[in-house]
Protein chains: 2
Amino acid sequence: MEQHRLDVFQVIADPSRRQILHLLSKDSSTINSLAENFDMSRPAVSKHIKVLYHAGFIEIQDIGRERHCILKQDGFKELNEWLAYYDKFWGDKLDKLGALMNDNLNKK
Amino acid sequence: MEQHRLDVFQVIADPSRRQILHLLSKDSSTINSLAENFDMSRPAVSKHIKVLYHAGFIEIQDIGRERHCILKQDGFKELNEWLAYYDKFWGDKLDKLGALMNDNLNKK
DNA sequence: TTTATATGTAACTTGTGGGTTACGCAAATT
DNA sequence: AATTTGCGTAACCCACAAGTTACATATAAA
């Protein structure tokens, strides 16, 4: 039900959000317990959670009045694909260099 | 001589900058010829170039009055490392799931 | 040497993202 | 039933990033 699909690059641009992801990689936790790790207010964290959720970085399980945030892979995939394109670019560049060196070796 | 080391996440958060990187992956080019691909003014592109440069995404060769921009790997590395951490996270998670399934199989 | 080109930069404007406080509500606790 | 807890949201503020225009400079072309 994550409608708007935010720009994942924008989403991870914020250091606080990256730290939230890092915290959640250690242990999934609720919004309040996440907020304890920050200077900012609890509503601010709540906003970040909303953003992370809509970008597919976390999922949320409502347990009573608590919201448990759990890391989710979807958001990362888009980033991985973007980087893969450039990884390929660098790879190709190396290949071409290698081919060139081979050519030169064969010539003499 | 790239002094300040900008936050690479912030840097790639801008869609225009990502498009510049993409254009440069096709062909290295000057600032003016880059600007032709955009609606924004030439100075705006110039600024983006500066940002990309200081974050290690491009290098620049001055040829006469022209500045040739070439893709550079440094900036991407930091992103790769960040993502690698989470890739490992997902990998480990799968491993644990696999171990659990194995345990269950052995029990019966 | 005059003109055109390729660029950097300063000064300014503006939209918006990230913060706040104040409030409301439902689920627990007492 | 009253209170506390965990949370969402609305309304607001403000710094800043990203754009603009105007100007300066160095190189190339005429």
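Lettering follows sequence order; numbering is per chain, from 1.
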Fill in the blank from the handout: Each nucleotide of nucleotides 9-20 of chain D classed B (base within 4.0 Å of a protein heavy atom), S (only sugar-phosphate) or -, in 5' to 3' order, makes B-B------SBB
Practice task
Determine, for Lys47(B) against Asp14(B), whether the closest basic-nitrogen to carboxylate-oxygen distance falls under 4.0 angstrom.
Solution key: no
Practice task
Would you tell me if any nitrogen or oxygen in the side chain of Asn32(A) comes within less than 4.0 Å of OP1 or OP2 on dC7(D)?
Solution key: yes
Handout entry: Minimum side-chain heavy-atom gap Val8(B)-Trp82(B) below 4.5 Å
Key = no
Exercise for the section: Check if the side chain of Arg65(B) and the base of dA6(C) share a donor-acceptor pair of N or O atoms closer than 3.5 Å. Expected result: no
Exercise for the section: Figure out the NE2/P separation between His68(A) and dG6(D), and round it to whole Å. Expected result: 11 Å
Practice task
To the nearest Å, give me how far apart CD1 (Ile60(A)) and C1' (dG8(D)) are.
Solution key: 11 Å
Problem - Under 3.5 Å: donor-acceptor pair, side chain of Arg17(A), backbone of Ile12(A) - result: no
Handout entry: Single-linkage hydrophobic cluster, 4.5 Å side-chain cutoff, Phe76(B) and Ile70(B) together
Key = no
Practice task
Take the protein atom CZ of Arg67(B) and the nucleotide atom C1' of dT5(C), then report the distance between them rounded to whole Å.
Solution key: 16 Å
Exercise for the section: Grab the CD-C1' distance between Glu36(A) and dT5(D) for me, whole Å please. Expected result: 13 Å
Exercise for the section: Using whole Å, report how far CZ of Phe38(A) lies from P of dT20(C). Expected result: 12 Å
Completion exercise
Sorted by position of nearest nucleotide on DNA chain C, 5' first, the leading residue of Ser33(B) and Gly64(A) is Ser33(B)
Exercise for the section: Let me know the distance between CG of Asp7(A) and C1' of dG17(C), rounded to the nearest Å. Expected result: 13 Å
Problem - Verify same cluster id: Trp90(B), Tyr85(B) (apolar side-chain graph, 4.5 Å) - result: yes
Fill in the blank from the handout: When rounded to whole Å, the CG to P distance for the pair Leu34(A) and dG8(D) reads 11 Å
Handout entry: Test item: His22(B) side-chain N/O and Arg18(B) main-chain N/O as donor-acceptor pair under 3.5 Å
Key = no
Exercise for the section: Check the surroundings of atom CG in Asp62(A): do more than 12 heavy atoms from other residues, nucleotides or ligands lie under 6.0 Å from it? Expected result: yes
Completion exercise
Rounded to whole Å, CG of Leu52(A) lies from C1' of dG17(C) at a distance of 14 Å
